[in-house]
Engineer: 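Quick one: this structure, given as structure tokens, is what I'll be asking you about.
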Number of protein chains: 2
Amino acid sequence: MSSSRRATIGDVARRAGVSKATVSLAYSGKRPVSEATRQRIFEAAEDLEWTASESARALAMSRTATIGLVLARSPEVISTDPFFPRFIAGCESVLAEAGMGLLLSVVATEEDETAIYRRYATGRVDGVILLDVQTGDRRPALMRELGLPAVLLAPSPAAAGLDDAGFDNVGDKSEDEVETTAFPVVLAENAPAIRDLVSLLVEAGHRRIAHVSGPLRYVHATERRNAFEAAMLEHGLDPSLVVDGDFTAASGRSRTLELLDREPRPTAIVYANDVMAIAGLSLARSRGLLIPEQLSLTGFDDSDLAAHLSPGLSSVSTRADEVGATTARTLLATLAGVAVPITRVDGPTVIARGSIGPPSDLD
Amino acid sequence: MSSSRRATIGDVARRAGVSKATVSLAYSGKRPVSEATRQRIFEAAEDLEWTASESARALAMSRTATIGLVLARSPEVISTDPFFPRFIAGCESVLAEAGMGLLLSVVATEEDETAIYRRYATGRVDGVILLDVQTGDRRPALMRELGLPAVLLAPSPAAAGLDDAGFDNVGDKSEDEVETTAFPVVLAENAPAIRDLVSLLVEAGHRRIAHVSGPLRYVHATERRNAFEAAMLEHGLDPSLVVDGDFTAASGRSRTLELLDREPRPTAIVYANDVMAIAGLSLARSRGLLIPEQLSLTGFDDSDLAAHLSPGLSSVSTRADEVGATTARTLLATLAGVAVPITRVDGPTVIARGSIGPPSDLD
DNA sequence: CTGAAAGCGCTTACAG
DNA sequence: CTGAAAGCGCTTACAG
């Protein structure tokens, strides 16, 4: 706008008295360039404020320096889930360093999601990150159909397609050929933290412990619920006090209402995320229950609020930023042709706070 | 991967027995194409599963079909602020329809932010959206330097550069020329909602009302604080009960602690966002205060939790999704060459819930 | 209504 | 160590 038009590699080459190829090579370092000419080139580029056009590079190299991420959740849940922004921030930190960008899409329906991936495959991104694995997830198959490199964030080995869970992340096997690799996975197990949470409550003296799950179409929600049930059984306790939530505050409130009306009342509730737990905690309090004396509660996500409620909400730190960074790194490695079949990251860890205590004998 | 290589426009042209130009024109509609050939072309394209390469179009048309958004906040605050995800979802809904993508960046420092914009200008995006206006914001100047079309979301006319607030969004004037237009602004005023909130509290009988602000480098935080003070003065009340928060739960808690220790204690607190209000509410309750009898509280954002706490948290709906959609639409119009100097959107509106009530005489 | 050709701004074999 | 040329896959004047 201010200065006429943007400089091109041709302008730089002319000013430095070299060919366009040499300018290109001086920057990419894909072939040696004498120190003298390199200097002249860099100076010329600086004078002209030149930087290579990404569009031109994209066409010439058939790589976009962009990776794609689609969030397929209701705006309501997205806005409430601290995982996404932290995960994205983690991705960004490694992508930025690699000079890559992140193309983000938010969709409501599965149809829209498929459409987006098709557009992505149209030379828009070099690869994608797959979050929120669902049972029977079709995205892995779609990615293969589109030839779109992808990395999957999975909450359990089963979700990673490592054993048969009806999930389609197994490589194609054809007769005499070697089995092709299923695409790369970052594994952040959810189960251990839930077990720890249950143990903590049991040790504190709780026997009637309930669980408010997330939407069970998500493998991570199922995984948390299964872990809850397994842990209860291990302790010889009744694992059937499970109600289905959907990660929203509304469901946290209504499911808690339901649980508090049971006879006998549970003395502790394990929620599948913080938002539901906070709504539940607030409700219990408004009912006059003392926290944690009459009701202990735990969340999942370790949202900013958890630590600063009074009492603090015991929760599970998912280290979403680290997970995001690792996932991005894994995708970059994949794009670079390095085979990374599976990367384990430290699982989420429990953070105990005031919302957990021994059950009182009052009730 | 599965099928050899992606089809190109050449393949489609050959199969349809026409020139590449005709294929291009059949899709763009920039010139009439006979119905018969159009049919043949579409069929050929379908057979070959062809869609135009975005990289090639980007180079040929010098437009990337991508807009950029950079979030420059600490991961902590981002993860807690429901505005961003909703705003982004709103943008997406109009961008997707227009076949455009959203390139998202998250940065920590101002340096990184500048670097990102420079990369953006390198043929990565067609324009950008500017959020979180700060006093003395340098981005408008930077955008002009880079020749990057932009639209600014402003919480007040002053922040939009509509009057002198030390903000650099005025057009260049040179001698005899017409004053060039400052770049487009979407205006969503914050002040009216805060005034409404104060009025509501005053009508309920409150006299000692406090405010916990956001970080004052943000114009929207300053705007909310100023509106609070102005409203208090209008009602003939002492406007000096203002403490500085930073939008985090931690600050919500500590500032509330401070306010509750004052003598006399405020009977109501207006927080600059929901997270601080929720932390404050929780603290007040743990101190044994009855809500709203002994303390009324209000938030800002209308986060998912607000409606489902017990009592519900009175808040301000920012309609972030609509604002996002409008902002995106404004940017698209700008890119299309339509001049849209300023677009007003419905300001945020108050939602009264149980956290507001008449002050009791108990204390 | 349609085609042949040039051009967008890079990168990369191919020669030297 | 360097240059001339072809190519990436589109779009868009220019002719007809």
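In what follows, chains are A, B, ... by sequence order, proteins preceding strands, each numbered from 1.
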Engineer: In this structure, how many angstroms lie between the P atom of D:dT2 and the CD atom of A:Glu35, rounded?
Structural biologist: 11 Å
Engineer: Round to the nearest Å and state the distance from B:Leu48 atom CG to D:dG9 atom P.
Structural biologist: 14 Å
Engineer: Given atom CZ of A:Arg31 and atom P of C:dT11, what is their separation to the nearest angstrom?
Structural biologist: 13 Å
Engineer: Would you say A:Thr8 places a side-chain N or O within less than 4.0 Å of OP1 or OP2 belonging to C:dG9?
Structural biologist: no
Engineer: How many whole angstroms separate atom CD of B:Glu54 from atom P of D:dG9?
Structural biologist: 14 Å
Engineer: In whole Å, I'd like the distance from the CD1 atom of A:Ile41 to the P atom of C:dC10.
Structural biologist: 14 Å
Engineer: With a non-hydrogen cut-off below 4.0 angstrom, is A:Lys30 in contact with a base, only sugar-phosphate, or nothing?
Structural biologist: sugar-phosphate
Engineer: Looking only at the side chain of B:Ala56 (C-beta and beyond, no hydrogens), which of the listed nucleotides D:dG9, D:dT12, C:dT2 gets closest?
Structural biologist: D:dG9
Engineer: Would you mind telling me which residue lines up with the more 5' stretch of DNA chain C, A:Val23 or B:Ala60, judged by nearest nucleotide?
Structural biologist: B:Ala60
Engineer: Does either side chain, that of B:Thr327 or that of B:Thr330, offer a donor lying less than 3.5 Å from an acceptor on the other one?
Structural biologist: no
Engineer: Quick one: on DNA chain C, does B:Val33 or B:Met61 contact a more 5' nucleotide (nearest heavy atom)?
Structural biologist: B:Val33
Engineer: Heavy atoms only, 4.0 Å cut-off, all strands: where does B:Ser53 land among base, sugar-phosphate and nothing?
Structural biologist: sugar-phosphate
Engineer: Have a look at A:Ala21 and say if it touches a base, only the backbone sugar-phosphate, or nothing, with a 4.0 Å heavy-atom cut-off.
Structural biologist: base
Engineer: Have a look at A:Arg118 and tell me which of A:Glu111, A:Glu113, A:Glu145 forms a salt bridge (Lys or Arg N to Asp or Glu O under 4.0 Å) with it.
Structural biologist: A:Glu145
Engineer: Respond yes when some side-chain nitrogen or oxygen of A:Thr37 is under 4.0 Å from OP1 or OP2 of D:dT2, and no when none is.
Structural biologist: yes
Engineer: A:Leu59 or B:Thr22: which one's nearest nucleotide on DNA chain D is closer to the 5' end?
Structural biologist: A:Leu59
Engineer: Stepwise, does the side-chain contact (heavy atoms from CB on, under 4.5 Å) test hold for B:Cys91 with B:Leu69?
Structural biologist: CA-CA 10 Å; B:Cys91 284; B:Leu69 175 64; 5.5 Å; no
Engineer: Nearest whole Å is fine: how far is D:dC8 C1' from B:Ile9 CD1?
Structural biologist: 14 Å
Engineer: Could you check if a side-chain atom of A:Trp50 sits within less than 4.5 angstrom of a side-chain atom of A:Asp11, using non-hydrogen atoms only?
Structural biologist: no
Engineer: In whole angstrom, what separates B:Lys20's NZ from C:dG7's P?
Structural biologist: 14 Å
Engineer: Judged by modelled atom types alone, do A:Glu35 and A:Gln39 share a side-chain donor-acceptor pair under 3.5 Å?
Structural biologist: yes
Engineer: Partner of C:dA13 by Watson-Crick or G-U wobble geometry, both contacts under 3.5 Å, or none?
Structural biologist: none
Engineer: Roughly how far apart are B:Tyr117 OH and B:Leu148 CG, rounded to 0.5 Å?
Structural biologist: 8.5 Å
Engineer: Between B:Ser55 and D:dG9, is there a side-chain N or O to OP1/OP2 distance below 4.0 Å?
Structural biologist: no
Engineer: Looking at B:Ser24, does any N or O in its side chain come under 4.0 Å of the phosphate oxygens OP1/OP2 on D:dT11?
Structural biologist: yes
Engineer: In whole Å, what is the span from the CD atom of B:Gln39 to the C1' atom of C:dC1?
Structural biologist: 16 Å
Engineer: Mark yes or no for a side-chain to base donor-acceptor pair under 3.5 Å between B:Arg14 and C:dG3, with no hydrogen or angle criteria applied.
Structural biologist: no
Engineer: Within the structure shown, what part of the strands sits under 4.0 Å from B:Ser62 by heavy-atom distance: base, sugar-phosphate, or nothing?
Structural biologist: nothing
